[in-house]
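No hydrogens, no waters, no symmetry mates; every other heavy atom, side chains included, goes into these values. Here, residue 1 is the first one in the sequence, and each next residue gets the next number.
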Amino acid sequence: MKQKRYRTTFSKMTVFFVGFGLIPLLILSMLFFVRYSGMIRSNITASYSIMTRYVADSVDDVLASVDDALEELYDFQDADGQTLADILTTDSLGASGQALAVQEALRDIMAKSEYISSLRLATGTGAIYSLYCSQDKTIRNDASSFTSSRLFEAGENLTGLKISGTIPESEICVNSENYIFSLARNYMDISSVESAYTKSLAVLYADVDVREIETLIGKSNISKGDVYIYHLSAGSYIYSADTEDYTGESHPLAFCESLFDGGSGYEQIGHQWVFYEKIEDADVYAVLVLDNSDIMGAFFQSRLVLTLILCFCGAFLLILYMRFSIRMSEPTRKLKEAMDEFGQGRLDVRVDLKTNDEMEYVADGFNRMAQRMSDYIDRVYIAENAKIDAELNALKMQIQPHYLYNTLDVIRMTALEQDDHQTAELLESLAKQLRYVMGAQADRVHLRDELDSIREYFVLMRARYEGRISLMVYLADEDGDLLVPKMILQPIVENAIRHGLREKEGPGVVAIRVDRKEDHLEIVVMDDGVGMDEERAAQMQAYLDHSHPGKIEPDGIVSVGTKNVYDRIKLNCGAAYGFMIQSARGMGTIVTYRLPIWKKPDDEPV
């Protein structure tokens, strides 16, 4: 391969200056100007992006405050200890007593958020209750289209939040010239798990005065352009400086609506700039629209002066460079030779320059870099081992609290449901599990001890599910003394119960079978629960195979415990080991472990 030839910086700059003269200098000045203008534009756009994000965060705080207040309706109790569900479903109070009780609940909710200007509650029986901050306001008799007990369409998430576009408050109540938008939630019947997701007792509307949003926008220091709060899926405006946008007579964001793709950013469209920021957990965007003159106007007015300055600076720097470049050539050559030797593996090479200028500083920097590189190579192996140990400890510390909290929750639920008949047995099982989990922190345990811990865990699970589930273990006596990583079965068994047997009607079984193969140990955990699609099982396996420790699937189906078990097996045993998930809808799930055969604590993976 032909070696690439290099020319000195001095020779190139001399040819450049003599051969082309003033015109290239002007070109360089213009290039510098373009780069400078790009930097200014980047800074300006970054500033407006921050302002837009501030507006989005402020609106998000308003929505979160109101939504949290709505959710606290489930915690309301009157003086007699009745919940709102009791009040709405009991006829003993009478119409007037029910109205007074509902008004008390609405006052309690309004006090939870400073942004709520009015509340409306529409029950499934057609009753409508309202509460306003101002005593002068009263709900209109013809406001049923804005106060409906059937807010959500069939098939929608009944427990979700809906946000309406801004409307004149006069369409809902009398004596108001303000504009409001509403947040609405179904008040669900939480008397059972099924009704908590399927049966709505009422719809609660919380109205927010648009002036609250206007006040927050005023604090953002946005002095130019137009700010909008736009509800994308509804195609409506929550805030706009032009009230005609609320009525649908105009749509100023139609030209840029395609930009709103679930994130944030900015774009220049024609002579306008659009900055947008999605508000978290809502299909709502904060949008700032500016003319191009607002972005770069002041800069363009002074570009002639800047061009002259750049040209002068460029010429001056070139003259200085030509004067000192010869002096710099020799140190540069020495430094280049040293770098070439360093690149070929001579880590002990050093450069000795006494020029009393930047090149001496660069040479000293090169010497320090070479020394640090040598030291780093000496330390890298130890550092990598320490990193692996830290990852293992972190993964184990994640599993233990997760497992402990779930176990305590089962005991609590059992005590409530079983009137303490089984408390003694459950506490004994819990004590055994705690001694196993929080006892000696050995990396490897006997397989027999790991399975005994699972049996104790099933004592709790059988009580929790009223004997509907059972455990079967198939283990040869000689295999019980084999060693395995600690706490690798419990998260998988827990998932089999939670996602497989809990949803199944009738009894269910979790079976664990241990087989010693020629070159590895195979442990199979099976359940006859509801199972899942093969495509879903493959997707879960793909998440487990991701190289980043602790990564989980966004919807949480692959739990932290499952992913950590998988990662610990890989780190402790090697890349050839782990487990595989297989499942079929309606038939159950099979998790097959592949582990090394460890007979002694110091055995290495095969």
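At a threshold of 4.5 Å between non-hydrogen side-chain atoms, the residues Val565 and Met487 do not count as touching. Counting heavy atoms from C-beta on, the side chains of Arg516 and Leu482 come closer than 4.5 Å. No side-chain heavy atom of His499 sits less than 4.5 Å from a side-chain heavy atom of Met532. Side-chain contact between Phe181 and Ile213: present, with at least one pair of heavy atoms (C-beta onward) separated by less than 4.5 Å. Between Leu595 and Ile488, some side-chain heavy-atom pair lies under the 4.5 Å cut-off. Using a 4.5 Å heavy-atom threshold, the side chains of Pro485 and Trp598 count as touching. Between Val55 and Leu216 there is no side-chain heavy-atom pair separated by less than 4.5 Å. Inter-residue side-chain proximity for Ile492 and Tyr593 is flagged as met; some heavy-atom pair is nearer than 4.5 Å.
Looking at Ser583, its side chain never comes within 3.5 Å of a backbone N or O of Ala537 through a donor-acceptor pair. In this structure, the side chain of Arg568 engages the main chain of Lys486 through a donor-acceptor pair within 3.5 Å. With Glu450 contributing its side chain and Leu489 its backbone, the two residues share a donor-acceptor pair below 3.5 Å. Remark: the backbone N or O of Ser191 is paired with a side-chain donor or acceptor of Asp189 at under 3.5 angstrom. Panel note: side chain Ser264, backbone Tyr276; no donor-acceptor pair is recorded below 3.5 Å. Between the Gln541 side chain and the Ile581 main chain, a donor and an acceptor come within less than 3.5 Å of each other. Side-chain atoms of Thr123 come within 3.5 Å of backbone N or O of Ala127 as a donor-acceptor pair. Using modelled atom types, one side-chain atom of Lys563 and one backbone atom of Leu544 make a donor-acceptor pair closer than 3.5 Å. Within the 3.5 Å criterion, the main-chain N or O of Ser200 finds no donor-acceptor partner in the side chain of Asn186.
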Evaluate the criterion side-chain contact (heavy atoms from CB on, under 4.5 Å) for residue pair Val284 and Asp60; output intermediate values, then yes/no.
CA-CA 9 Å; Val284 178; Asp60 184 42; over 6 Å; no
Take Met110 and Leu131 through the test side-chain contact (heavy atoms from CB on, under 4.5 Å) and record every step on the way to the result.
CA-CA 9 Å; Met110 181 173 286; Leu131 178 66; 4.0 Å; yes
Leu121 and Val203: CA distance, side-chain angles, deciding distance, side-chain contact (heavy atoms from CB on, under 4.5 Å) verdict
CA-CA 6 Å; Leu121 182 74; Val203 176; over 6 Å; no
The test is side-chain contact (heavy atoms from CB on, under 4.5 Å); show your working for Val66 and Arg185 and say whether it passes.
CA-CA 11 Å; Val66 177; Arg185 275 192 177 276; over 6 Å; no
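Considering only residues two or more places apart in sequence or on other chains, Tyr129 meets the ring pair (Phe, Tyr, Trp, His ring centres under 6.0 Å) condition with none of them. Looking at residues two or more places apart in sequence or on another chain, you find no side-chain hydrogen bond (donor to acceptor under 3.5 Å, both in side chains) involving Arg53. For Asp207, the salt bridge (Lys or Arg N to Asp or Glu O under 4.0 Å) criterion is met by Arg120, not counting sequence neighbours. The side chain to side chain contact (heavy atoms under 4.5 Å, CB included) test applied to Ser258 returns no partner, not counting sequence neighbours. Here Phe275 pairs with Tyr48, Tyr266 under the ring pair (Phe, Tyr, Trp, His ring centres under 6.0 Å) rule; sequence neighbours left out. Applying the ring pair (Phe, Tyr, Trp, His ring centres under 6.0 Å) criterion to Tyr465, with sequence neighbours excluded, gives no partner residue. Remark: Ser65 engages Ser113, Tyr115 in a side chain to side chain contact (heavy atoms under 4.5 Å, CB included) (not counting sequence neighbours). Residues satisfying the salt bridge (Lys or Arg N to Asp or Glu O under 4.0 Å) test with Asp477, not counting sequence neighbours, are none. Listed by chain and residue number, Tyr237, His251 satisfy the ring pair (Phe, Tyr, Trp, His ring centres under 6.0 Å) test with Tyr230 (two or more places apart in sequence, or in another chain). Ala575 meets the side chain to side chain contact (heavy atoms under 4.5 Å, CB included) test with no other residue; sequence neighbours excluded.
The 12-atom threshold is not exceeded at CD of Glu534, counting heavy atoms of other residues, nucleotides or ligands nearer than 6.0 Å. Within 6.0 Å of CE on Met369 lie more than 12 heavy atoms contributed by other residues, nucleotides or ligands. Residue-environment remark: CD (Glu194) stays at or below the threshold of 12 foreign heavy atoms within 6.0 Å.
Atom-to-atom distance recorded for Leu521:CG and Leu483:CG is 10.5 Å, nearest 0.5 angstrom. Note that CG of Leu70 and CG of Leu204 are 5.0 Å apart. Values are rounded to the nearest 0.5 Å. For the atom pair CZ (Phe458) and CZ (Arg464), the distance works out to 13.5 Å, reported to the nearest 0.5 Å. In this structure, the separation between CG on Leu84 and CD1 on Ile190 is 10.0 Å, given to the nearest 0.5 Å. The distance from atom CE of Met587 to atom CZ of Arg585, rounded to the nearest 0.5 Å, is 13.0 Å. The distance from atom NZ of Lys112 to atom CG of Asp67, rounded to the nearest 0.5 Å, is 14.5 Å.
Taking all atoms of both residues into account, the shortest heavy-atom contact from Ile116 to Ala69 is CD1-CB, 4.0 Å. Closest heavy-atom contact between Thr592 and Gln582: OG1-OE1, 4.3 Å. Contact detail for Ala286 and Thr52: the closest heavy-atom pair is O-CG2, 3.4 Å. Ser164 and Ile238 make their closest contact through O-CG1, 4.0 Å (heavy atoms, listed as atom of the first residue, atom of the second, distance). Pairing each heavy atom of Ile497 with each of Ile469, the nearest pair is CD1-CD1, 4.0 Å. Of all non-hydrogen atoms in Ala56 and Ile279, the two that sit nearest each other are O-CG1, 3.8 Å.
Sequence neighbours left out, the pairs with a member in residues 65-85 that pass ring pair (Phe, Tyr, Trp, His ring centres under 6.0 Å) are Tyr74-Tyr187.
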List, one per line, each side-chain donor-acceptor pair under 3.5 Å for residues 500-512, sequence neighbours excluded.
from	atom 1	to	atom 2	distance (Å)
Arg502	NE	Arg498	O	3.3
Lys504	NZ	Pro507	O	3.1
Lys504	NZ	Asp528	O	3.0
Lys504	NZ	Asp528	OD2	3.2

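A salt bridge does not link Asp545 with Lys570: every distance from a Lys NZ or Arg NE/NH1/NH2 to an Asp or Glu carboxylate oxygen is 4.0 Å or more. A salt bridge is defined here as a Lys NZ or Arg NE, NH1 or NH2 lying under 4.0 Å from an Asp or Glu carboxylate O, and Arg448 with Asp481 meets this definition. Residues Glu522 and Arg513 are paired through a salt bridge, judged by an N-O separation under 4.0 Å between the basic side chain and the carboxylate.
If you check the side chains of Ser58 and Asp61, you find no donor sitting under 3.5 Å from an acceptor.
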